[in-house]
Structure formats: C-alpha cells, structure tokens
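Scroll down for the structure; my scribbles are underneath it.
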Amino acid sequence: MAPGCAGVIAHVDMDAFYASVEAADHPEWAGRPLVVGGGKRGVVSAASYEARAHGVRSAMPMFQARRLCPRAVFVPVRMERYRQVSRVVMDTLRRFSPLVEPISVDEAFVDLAGTERLWGPAPQAGRAIKAAMAESTGLTCSVGIAPLRFLAKIASERDKPDGLTVVEELEAFLQTVLLKEISGVGPRAQGRLAELGLRRLVDVRALGAERLERVLGSLGRRLWELAHGIDPVGVGTGREVKSLSHELTFSQDLHKGRELAAHLLALCQKVARRLRAAGLAGHTVTLKLKHADHRTVTRRRRLKGPTDRTETIHAAARELLAAYGSVGPFRLIGVGVSGLNSTNRGPGELFAPAGGFRAGALETAEDELTRRFGSQAITRAGTLEASRPGGAQKRVTGARDGPPRGEGR
Ligand SMILES: [Mg+2]
C-alpha cells in the first residue's frame, strides 16, 4: 500500500440535491425539467438532470435558464426543507460509521475503516449506502470509495447521477486523475499548470516537490504528495479530535440523584453500542454537564487502554460525576469517548476476557437485539428511571457535525 494510505473512505454526494428534493416533494412534476433558484441574486441554485440536458447550469442567471428551457418548472429555494432532508441524509450515513464528516448540506465523507465485518467489502458497502439512502430519503446519491480522501471525492464525481465508483488499484486510478479534478485547483492554478505542460496529476511527479512549491506555493507541495499517493487528511481530521458522544437535554433541570444516574447509564450504553457497531474503541471518556444557568463544564478521564464496553465507560463517567463539586441543578448531561481507533473486530465477536467474559457476552447479545429490533428493544434495569414519561428530550450528537455550507453538484 502507498505511504499515507488512510484506509477506506467513502465520499457520498446527493445528486442534484435541491432539485431532487423538490421533485420528490412534488410528484405532479414528474418528468419535467426542474430549476431551483431566483431570489435576490436571481441565479440558478440547482437544476435537475433533465434541465441540465438543455444547458441549464448552477449560478446561471434565471432569465437565461428560462430562455434555454421554457417548459421547466421554476421554483424558489426552500433552504429549511433541504436542511431537514440533509439531517436525514447524515443520520443515514451515521448508520454506517460514527466517523461522518459533512462538507456541505448534501455531501459527506464517511470513514469505513474497520466496518468491513459489518458492511462487507467496499463495493458491497457502497451499494448498501445507496440503498439505505433511497429508502430513507427517496433520493439517489453518487458514491466514491477509495483508500485516500481526495480520490474518494474524485471517484464520486466520475459516475453521476446514481453512480458507484470504487478505487481498487491505487496506481492505475492515479494515472487517470486530471489536475482540474482536484478540489483546490482553481482556474488560475490550472492555467499555471497548463503553462508547464501539466494536465494529469501524475505529470507533476517529474517536476519535484521544490520546483512545484516555487511555482504554486503550498498547493504545489500538496499536488506532489497527492501524485505519490500521499493524502494525510482522513475523515474529520484537522477539525477536532475523533470522538463519539451522546447528550441529553432535560425538560426539567435535574440534581444529582437516581434519575440523573439512570440517564448517565443510558448515555454510556448508547455510546458503547455505537462504538461496537463501528468496530471502534477509545481511551478517553468525557463527561459534559450544563448547569441550569447554561454554564457548561467538561471533565475527562484517560483510561488504561481503549474500550468499547458500557461498564468501563460508565465506571469512568460515574466517577467523574461523583467527583464534580456541584449537585446541580443541571439542564444537560453528555458522555463522549475520544481517542478512537479501530478494534479490527466485528460487532458480533465475543470480547477478550480482560475484565469479564460475561459482560462482553451480554453486550454482544444487546447489540444483536438492537440491530434486529431497534434501540428501544432493550433497556437495562438501571435506565428504566430515565425512560419515565416527561423525563427528558433526546438529542444525539454525532462525531463532528460540520455546518452545512451549501450544495455541490
Ligand atoms: Mg451534490
């Protein structure tokens, strides 16, 4: 494998997202070209593939789109609705991995490393993602899967709409990559590269990193690395520490006591379950508390080794809570595990006897029931207090939910 190979990364991009959402919401427009846009800027925000066939493109003035395709349906942007569907999109992706990095409202990277036991090899995982997306949103997406982040993005663009491209042979695929396909290579950089007679990514290998850096600055250095299969950026890195957490906002503030303890156990259980589902374990447990006056505190404990076990996470979180010098009232409690690494273990496997075979077997049974019947299927006795009606509102925080920045293509 190439140096810097980061594992298995999927890039998932919804097809003509705004237009597809409008089409799904309005079956009466079926088969008609669809253009979303207008407003103050008076430009096209998104065009369906039928409208694109008439030459309509994003960022084109609306009057020009109307001239090119007069029989299209023209609709205004409904950002709230797209955000709503976007949340379903990202939640769907989080079923495949806790490491999901949204990069816009309709696009995300998904780290599939360590999920092979659950989702199978890359092509099978890609098909499963597309099927799950169709089922949860009624929309199509294009998926690229590659050992490197930048190649996953290029791969998803290669076959659109409703495509799946898996990069199996790194060098063979690198040979096909054009410089203009790489995000960050804008028209100006493309011009400079063309002057040097460079068109394909692998062409830059002949120049050497120093010369490229002189001509293009840091972009030159990066291109030289990419051409050699080095992409140090994984999913979510450079933004925050890899972590997985759940938190809960109460409808009524709570003091330390049985009810709060029950919520804490339920949260630990959820975090552990998601770790195991993804074949991940982490070595640091974080407790988050928000006081009634909105003051937020976090307390961390580093464990002796990585864990994906409810008991271990719960023991650490419970101690952190006991050691915290206030009894509340609190309006929110959260539990997170960070310092994540792949366990290279499928979710169905029994746990190593370090710390107890029985607990491991219990959790494996729990995971199986959860997979088959949903997370409400099992409730440990200690969490019953937490499920009383009117107890709390649920809010789930995934790892690194970035703010959506707008639609791609
Ligand atoms: Mg898109």
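Excluded from the calculations below are hydrogen atoms, water molecules and symmetry mates; all remaining heavy atoms, backbone and side chain alike, are included. Every number for a ligand or one of its atoms is a count from 1 in the order of the listing.
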For residues 214-221, run the donor-acceptor check on the side chains, cut-off 3.5 Å, and write out each pair with its distance to 0.1 Å, sequence neighbours left out.
from : atom 1 : to   : atom 2 : distance (Å)
R221 : NE     : E213 : OE1    : 3.2
R221 : NH2    : E213 : OE1    : 3.0

Partners passing side-chain contact (heavy atoms from CB on, under 4.5 Å) against D162 (at least two apart in sequence or in another chain):
D15, K130, T140
Taking backbone and side chain together, does E107 place any N/O/S atom at a distance below 2.8 Å from the Mg ion (ligand 1)?
no
Salt bridge check, R222 against D231: does any charged N sit closer than 4.0 Å to a carboxylate O?
yes
Quick one: is the NZ or CZ of R149 closer than 6.0 Å to the six-membered ring centre of F109, and within 45° of its axis?
yes
Of all N, O or S atoms in D13, identify the one at the shortest distance from the Mg ion (ligand 1).
OD1
Rounding to 10°, state the angle centred on the Mg ion (ligand 1) that links OD2 in D106 with O in M14.
100°
